[in-house]
Amino acid sequence: MTTNKKVFFQILILLLFLSTAMPTFAASVAPVVKKATTSKPLEKLFYYIPGFSTFYSLQANGNKANIFAPQVYKVDADGVLTGSISDIALEVVNKNKTPIMPLVSNENFDPDTMHTILQSTDLQNKIISELIAEAKSKNYIGWQFDFEHIMATDRNTFSSFVELTAKKLHKEKLKLSVALIARSSNKPSDLPAGSWDKYAGVFDYKRIGRAADFVTLMAYDEPASVGPVASLPWVKKVLAYTEKHIPKSKISLGIPTYGWLWNTDTNTKIRSMPYQKVQDLMDSKGYIGKGFDKTLQTSWITYTQGAGANLVHYKLWYENAASFKTKLSLAKSQKIRGISLWVVGMEDPNIWKSF
């Protein structure tokens, strides 16, 4: 073998040795890419009461709902379930493929009706059987209990009814939610006189929160309000209290769309009002003054009716896009389950921009 060939093979062997003996290194380290973290979207439940304005709003905005919750069913003292959803409403809901969870309430929110039901296991089982049969025949995902004006003395029996219903509905792969009267304390003395005994005290947040799939915190109809249906400070307070007793993943914040009309001459609340009344006053320039309370985060408008001795001064505190946005932001910041809008058809049309 020639000298040149010997040198060539020696170099080749040396290179092969080095390539196996020396550790290998990557040319560069690939950066660790973190997945973007996004918060879970709020579940949106839309309440519906039969009527032209609610139907038209449902037509226009129903596709934004995750759950359609019509208030159309009731039970009487004999445990008989009655009610139905109109064909025209069902047509819109089915077109959007929105799951349906109807409300069931005690007839006329009568406390005696509920007391009778809660004293009888037979009546409770009868109602539950009817709820299951109706849900299966109509393809509902479940029910929301909207039983109200129940005496606090029925607290334990009502919680037991919720637990029994949840157990039986879950066995049939159906869901149960419960509408809760909002409060910020478990002490009767912290609430306005009479409210604990007549409608707020019956709700055992912990027991109901454990049994139900979720609850709707009815954060409206502020009991000691100076005007608004739901001032932001009060909403924050009742939500903070609820979060202490029920997991955030089970809380849907009830947000009102309506306003309250007050007679400022007598400082008395008259009735609830839709946003359309505000729009009419704006369009006709029939108002005296208007504004937005930055502390309460609610809008207001004043006007008069009548003349002379019959002249009456009114102040309408109303929910609009601005007040809605603050409550929606609160729900997002608290990372709760969702929101429950009471009720479609009474709202400021501009709230839909927030969705």
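No experiment lies behind these values; they were computed from the predicted model shown. Side chains included, hydrogens not; waters and symmetry mates left out as well; all remaining heavy atoms used.
Using the six-membered ring where Trp is involved, His245 and Tyr205 have ring planes that are perpendicular, over 60° apart on the 30 and 60° scheme.
Heavy atoms from other residues, nucleotides or ligands lying under 6.0 Å from NZ of Lys206 number 12 at most. Surrounding NZ of Lys167 are at most 12 heavy atoms belonging to other residues, nucleotides or ligands under 6.0 Å away. In Lys198, the NZ atom is not crowded: 12 or fewer heavy atoms of neighbouring residues, nucleotides or ligands sit closer than 6.0 Å. A 6.0 Å sphere centred on CG of Asp87 holds no more than 12 heavy atoms belonging to other residues, nucleotides or ligands. Residue Lys325 places its NZ atom among 12 or fewer non-hydrogen atoms of other residues, nucleotides or ligands, all under 6.0 Å distant. For Lys250, the NZ atom counts as densely surrounded, since its 6.0 Å shell holds more than 12 non-hydrogen atoms of other residues, nucleotides or ligands.
Annotation: side chain of Leu180 is in contact with side chain of Ile208 (closest heavy-atom distance under 4.5 Å). Proximity of Ser177 to Met101: side-chain heavy atoms (C-beta onward) are separated by under 4.5 Å at one or more points. Side-chain atoms of Asn125 and Lys168, non-hydrogen and from C-beta on, do get closer than 4.5 Å to each other. Residues Arg183 and Tyr241 meet the side-chain proximity criterion, which asks for heavy atoms closer than 4.5 Å. Between Phe68 and Pro70 there is a side-chain heavy-atom pair separated by less than 4.5 Å. Considering only heavy atoms from C-beta on, Leu176 comes within 4.5 Å of Val162 through its side chain. In this structure, the side chains of Ser272 and Trp260 come closer than 4.5 Å at one or more pairs of heavy atoms. Counting heavy atoms from C-beta on, the side chains of Glu222 and Ser231 come closer than 4.5 Å.
Atom-to-atom distance recorded for Lys136:NZ and Lys173:NZ is 9.0 Å, nearest 0.5 angstrom. Ser354 OG to Lys64 NZ: the interatomic distance, rounded to the nearest 0.5 Å, is 11.0 Å. Between Thr153 atom OG1 and His115 atom NE2 the span is 7.0 Å, to the nearest 0.5 Å. Atom-to-atom distance recorded for Leu164:CG and Ile128:CD1 is 3.5 Å, nearest 0.5 angstrom.
Remark: aromatic rings of Phe147 and Phe109 are distant, center separation not under 6.0 Å. For Phe161 and Phe145, the gap between ring centers is short of 6.0 Å. Less than 6.0 angstrom separates the ring centroid of Phe355 from the ring centroid of Phe324. Tyr303 has its ring centre no less than 6.0 Å from the ring centre of Trp262.
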Open item on the list: Determine whether Tyr287 and Tyr314 satisfy the following criterion, side-chain hydrogen bond (donor to acceptor under 3.5 Å, both in side chains), listing intermediate values before the conclusion.
Closed with: CA-CA 10 Å; Tyr287 62 92; Tyr314 294 104; over 6 Å; no
Open item on the list: Gln297 vs Asp293, test: side-chain hydrogen bond (donor to acceptor under 3.5 Å, both in side chains). Steps then yes/no.
Closed with: CA-CA 5 Å; Gln297 286 291 303; Asp293 191 301; over 6 Å; no
Open item on the list: side-chain contact (heavy atoms from CB on, under 4.5 Å), that's the test. Do Lys248 and Arg337 meet it? Break it down for me.
Closed with: CA-CA 6 Å; Lys248 290 185 178 184; Arg337 180 188 187 95; over 6 Å; no
Task: ring pair (Phe, Tyr, Trp, His ring centres under 6.0 Å) assessment of Phe55 paired with Tyr48 - done: CA-CA 8 Å; Phe55 174 69; Tyr48 175 88; 7.5 Å; no
Task: Criterion ring pair (Phe, Tyr, Trp, His ring centres under 6.0 Å) on Trp300 and Phe292, from CA distance to verdict - done: CA-CA 6 Å; Trp300 55 267; Phe292 182 81; over 10 Å; no
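Side-chain N or O atoms of Thr298 include one that pairs as donor or acceptor with a backbone N or O of Leu296 at under 3.5 Å. In this structure, Asn320 contributes its side chain and Ser323 its backbone to a donor-acceptor pair below 3.5 Å. A donor-acceptor pair under 3.5 Å is absent between the side-chain atoms of Asn310 and the main chain of Gly306, judged by distance alone.
Remark: of the listed residues Thr82, Ile117, Leu123, Leu131, Ile117 is the sole one forming a side-chain contact (heavy atoms from CB on, under 4.5 Å) with Val75. When Val92, Asn96, Val344 are each tested for a side-chain contact (heavy atoms from CB on, under 4.5 Å) with Gln59, only one passes: Val92.
Electrostatic pairing of Glu319 and Lys327 counts as a salt bridge here, judged by a charged N lying under 4.0 Å from a carboxylate O.
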